[in-house]
J.: 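Have a look at the structure that comes next, please.
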Amino acid sequence: MGYDHQAIESRWQAHWQEHRSFEVEIDPKRPKFYVLDMFPYPSGNGLHVGHVEGYTATDIIARYKRMRGFNVLHPMGWDAFGLPAERYAMKTGRHPEQTTAENCANFRSQLQRLGFSYDWSREVNTTDPGYYKWTQWIFLQLWGSYYDRDRQCARPIEELPIPDELRAQGPAAVAAYQDGRRLAYLQDSPVNWCPDLRVVLANEEVAEVVDAGHEVVRKPMKQWMLRITEYAERLLADLEGLDWPPHVLEIQRNWVGRSEGGEIDFGIVGHDDTLTVFTTRPDTLYGATYMVLAPEHPLVDTITTDAQRSAVAAYVDATLHRTERDRQSASIEGIKTGVDTGARARHPLTGEAIPIWIADYVILGYGTGAIMAVPAHDERDHAFAKAMGLPIIQVVAPEHEVDVQAEAFVGEGVAVNSPAIDGLPTLRAKAKMLEHLGEQGCGRTRVTYKLRDWLFSRQRYWGEPFPLVHEPDGTVRAVTELPVELPPMSDFDPSETGEPPLSKAAEWVQMPDGSMRETNTMPQWAGSCWYFLRFVDPTNSSLPWSKEAESYWMPVDLYVGGVEHAATHLLYSRFWQKVLFDLGHVSEPEPFRRLVNQGIILGAIFVPTDPARERDEEGRKRIFVQDDVETHEEDGQVHYTLRATGEALRVQWDKMSKSRGNVVNPDHAVETYGADAVRMYEMFMGPLEQSAPWQTEGLAGIHRFLQRVYRLFFEEGEGDQADRLRPLAEGEGSERQRKLLHRTIDEVTDRLDRMSFNTAISSLMVFVRDVVPRGDDAGNEPLPHGAAAQFAKLLAPLAPHLAEQLWEALGHPGSLASESWPQADPALLQEETFTLVIQVNGKRRGELEAPKSASKDELAALARATDEVSKYLDGREPKRVIVVPGRLVNFVG
RNA sequence: GCCCGGGUGGUGGAACCGGUAGACACGGGGGACUUAAAAUCCCCUCCGCAAGGGUGCGGGUUCGAGCCCCGCCCCGGGCACCA
């Protein structure tokens, strides 16, 4: 019969399911290990091999840690709210609830066929009212809190101190005061609106949508915002101490975008208003020759002179209608536009009147939305000054000559033309200037962040409803009865003006008491911001999670997923975790201790070798898939040609995508080669973090290895007879076999600890190759029973089905999953001799077997006596002899 | 432009703390078994006939560099009017 992967795999999958092998409970006596995958959006296309890579890695770790005695939490669920289900529904008329349920079932069975050891009793689904009840509950925690800047933590809104004069103005004033400080608040301001998708987007989402070819414009709308900016400093500081890839830490730091500088107040000629700017270069204040406000800046209206009013209005209007793409490309080309408001600012030190402009290179949301422009020392200001003919004054002098009229000098130097700070180097000049301004009462140090508040409402149907109602008097009230369920609807099209689909559910919106429900829904991130918390206690109906479960299981010890979530999901999750931490709902300020990003699995496409033929008549790229291509070899080189015409092609490895047609579905591979082979191949391709091409030949190679393993244990039965376990030797076998076994145990253990799965597999391959002598000596050292059993255990995390089969055949009842991990005997890892490399002048000239116990002098003497050394020293006495015990001897002469 | 990664055989990749470069596979070549093929097993496979040369290129440190330092080139990713 041979290695029948289908029979073996379905048998053990059924066994695990039947025996609930991977279900876990809190056990304070045992150390816990929480290993988590980024849960998938269950799309209609099903799982692809890219998902499988990350899931296999976590499964190996989960199984390994179980065998090492840890109580392992390894759950899976579905991030099932989102736009695709809704769009699919619009196309086909099938309700998202229906398609989502089907897709989840499909994903689950695909995952089960791969033999992943998830605790399925903990499965969660973000679209389940029993789940999103708690998403809504967390939202109400945010809505019900404010950020106490003195204590640097969130506190219930009831604890917000109300100034006496406000209290005197009555409850409406108090409510407005509170609403202005809640961590969730309504804001009426320009948002990123995508007319194609009819949806508003968070800042983090804009780039992706623009890349997909959609327009994004800025449009004023009333939106729910989350005050993530209050957490900027903590989101930054707490990155310290996380075991995350440096790359992801950098992305997070970039998003938070901390910068230190100062605020400077400018008076406005003829007005009482103060114009405050943020700058990182207060030392260049004397070089400020004009001011720039963001077009949306609230002061624009007040200060614009009548002569300039129409020009300013036109510019503001144009800015609002410019797309993000426009502004991006303008920035790359360095094109600057703007309009003079006619107003003049009073320089705080010189008293000079300098013009105030508006320009869209200044952004309302950053700093104060206004800048002092120092064209001599800022490239953008320089470009603008050149374009508008504004003066450029040098106030920083580097060691070498610079011409600031031609080009901005942005580096450090010594302050010049700056009476208050002349002669000071930049760093000290900055501090001195702020100190000086502080004394005058017109400046202070300040830290700003690029991070903006998080736009949290979407005009979609398939998302969590906000648990809020609007009273007729305009106040907002929380709904205490959760969940607020989505009303059944069949028409989800948002209106062109951006009215959410839920506004059409008239009966649902209208509350009996006359108030109206909020009709926006939450973004897809909401459900994924806290799912790792729900997994610790997924069926709790009275609490989102019990204190006990949370403090036992959290934080996540290992989190594996794609790097595409580095800015969004991870930042948002950390933010929610911190709010929950402040309010005492969780015990840790950071949710994910260790993060690993799996690489992308690449699929093959074929393109013409001839560059002239890369595109067809219509200018489209000509790409072909495996099925179009014929492969043949010549001189050991593989050549590809187009089957139809014989045209020469070359292979190109590209990210798998449906449009390119190079997606590999794991189901087919599982059927042909088996789940164990697919899992092992994905790990054998290379380091987990690295991208690698999917090559069927490699998968077949792993399959062959598993067949070899099978044959190592079993001999084929004759006729209808089942395969039989080979006659095994007692114990761990010969000295050679024992040494090999214990070296393998040692290596595999070390390599799994380092998540170096490809090299762990190579250790197993060496064991299988060498444990039983081949050829004529085959009968001399049969496979020993003890070694076979320990090998089965080593194989278990990587190829769990086959490992179970082997374990059972060795006479062990039950599953191997809860057996203990083998331990290497240190005595057997010690070799008595080693290969001593002999070098002369750093070049390798020979080697010999030397005893481990030999002293440096003895090693040198052994090496000195060899013919090679005499030959290459050619009669000279070595000037120096370097001996590295256990490694080499080098004669320098 | 700035900031992170990374460049090792025909291919995927090994190489711990600066100490035998190319483990383990894929592909290729040769052989055994077979009437034959498949499957399986065995041997060879960085380049070179050899001396020797080889880890993107040029230099440096060192007895010794894939690994450390300096200067480039290329690939991947992130950020990008953030004052």
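Below, read A as the first sequence line, B as the second, and so on, with proteins coming before strands; counting in each chain starts at 1.
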J.: Take the angle between the ring planes of A/Y3 and A/Y710 and call it parallel below 30°, perpendicular above 60°, tilted in between.
T.: tilted
J.: When you check every protein heavy atom under 4.0 Å of nucleotides 14-19 of chain B, what one-letter string (B, S, -) results, 5' to 3'?
T.: SS---B
J.: Going by the side chain to side chain contact (heavy atoms under 4.5 Å, CB included) test, name the single residue among A/D265, A/I264, A/T368, A/L293 that passes it with A/L275.
T.: A/L293
J.: Please report, rounded to the nearest Å, how far the C1' atom of B/rG12 is from the CE atom of A/M765.
T.: 12 Å
J.: Heavy atoms only, 4.0 Å cut-off, all strands: where does A/S259 land among base, sugar-phosphate and nothing?
T.: sugar-phosphate
J.: Nearest to the side chain of A/R711, heavy atoms from C-beta on, is which of B/rG12, B/rG77, B/rU40?
T.: B/rU40
J.: Do we see a donor-acceptor contact under 3.5 Å between the side chains of A/T696 and A/Y673?
T.: no
J.: Using the side chain to side chain contact (heavy atoms under 4.5 Å, CB included) definition, which of the options A/I601, A/N662, A/L602 pairs with A/W694?
T.: A/I601
J.: To the nearest 0.5 Å, what is the distance between CD on A/E689 and CD on A/E53?
T.: 9.0 Å
J.: State which residue, out of A/T56, A/I702, A/L798, fulfils the side chain to side chain contact (heavy atoms under 4.5 Å, CB included) condition with A/R679.
T.: A/T56
J.: Please classify the nucleic acid contact of A/Q695 as base, sugar-phosphate, or nothing, using heavy-atom distances under 4.0 Å.
T.: sugar-phosphate
J.: Can you check the A/F705 CZ to B/rC26 P distance for me, whole Å?
T.: 11 Å
J.: Between A/G698 and A/E847, which residue's closest nucleotide on RNA chain B lies nearer the 5′ terminus?
T.: A/E847
J.: Report yes if at least one side-chain N or O of A/R844 is closer than 4.0 Å to OP1 or OP2 of B/rU20; otherwise report no.
T.: no
J.: Roughly how far apart, to the nearest Å, are B/rG9 and B/rA23 at atom C1'?
T.: 14 Å
J.: What does A/V374 touch in the nucleic acid at a heavy-atom separation under 4.0 angstrom: a base, only the sugar-phosphate, or nothing?
T.: nothing
J.: Tell me the partner of B/rA32, counting only Watson-Crick (N1-N3 plus N6-O4 or O6-N4) or G-U wobble (N1-O2 and O6-N3) with both under 3.5 Å; none if nothing fits.
T.: B/rU40
J.: Quick one: on RNA chain B, does A/V766 or A/V892 contact a more 5' nucleotide (nearest heavy atom)?
T.: A/V766
J.: Rounded to whole angstrom units, what separation is found between the CH2 atom of A/W244 and the C1' atom of B/rG5?
T.: 18 Å
J.: With rounding to the closest Å, how many angstrom separate the P atoms on B/rU45 and B/rG10?
T.: 15 Å
J.: The side chain of A/V837 is closest to which nucleotide in this list: B/rU20, B/rA25, B/rC81?
T.: B/rU20
J.: Looking at every strand, decide which applies to A/S691 at a 4.0 Å heavy-atom threshold: base, sugar-phosphate, or nothing.
T.: sugar-phosphate
J.: Using a heavy-atom cut-off of 4.0 Å across all strands, would you classify A/G367 as base, sugar-phosphate, or nothing?
T.: nothing
J.: From A/H565 NE2 over to A/N597 CG, what is the distance, rounded to the nearest 0.5 angstrom?
T.: 10.5 Å
J.: Please give the distance between the P atoms of B/rC68 and B/rC4 as a whole number of Å.
T.: 15 Å
J.: Without decimals, in angstroms, what is the distance between A/I601 CD1 and B/rG76 C1'?
T.: 17 Å
J.: Measure the distance from CG on A/N597 to P on B/rG5 and round it to the nearest whole Å.
T.: 14 Å
J.: Is the base of B/rG9 syn or anti, if syn means a glycosidic angle within 90° of 0?
T.: syn
J.: Quote, to the nearest angstrom, the C1' distance that separates B/rG56 from B/rA37.
T.: 46 Å
J.: Quick one: do the A/E849 and A/T835 side chains pair a donor with an acceptor below 3.5 Å?
T.: yes
J.: Between B/rG12, B/rU40, B/rC4, spot the one nearest the side chain of A/E250, thanks.
T.: B/rC4
J.: Under a 3.5 Å cut-off for both distances, is B/rC79 Watson-Crick or wobble paired, and to whom?
T.: B/rG1
J.: Please state how far atom CZ in A/F266 lies from atom P in B/rA83, giving the value in whole angstrom units.
T.: 17 Å
J.: Is any side-chain heavy atom of A/F278 closer than 4.5 Å to a side-chain heavy atom of A/I371?
T.: no
J.: Please state the P separation for the pair B/rC2 and B/rC16 - nearest whole angstrom.
T.: 33 Å
J.: Is any side-chain nitrogen or oxygen of A/R708 closer than 4.0 Å to OP1 or OP2 of B/rU40?
T.: no
J.: In whole angstrom, give me the gap between the C1' atoms of B/rA14 and B/rG22.
T.: 7 Å
J.: Between B/rG12 atom C1' and A/W653 atom CH2, what is the distance in whole Å?
T.: 10 Å
J.: Any base atoms under 4.0 Å from A/R253, or only sugar-phosphate, or nothing? Heavy atoms, all strands.
T.: nothing
J.: Going by the angle between their ring planes, with limits at 30° and 60°, are A/F409 and A/H377 parallel, tilted or perpendicular?
T.: perpendicular
J.: When rounded to the nearest Å, what value does the distance between C1' atoms of B/rU61 and B/rG71 take?
T.: 15 Å
J.: What is the distance from CG of A/N254 to P of B/rA80, rounded to the nearest Å?
T.: 8 Å
J.: Using the C1' atoms only, state how far B/rG5 lies from B/rG53, rounded to an integer number of Å.
T.: 31 Å
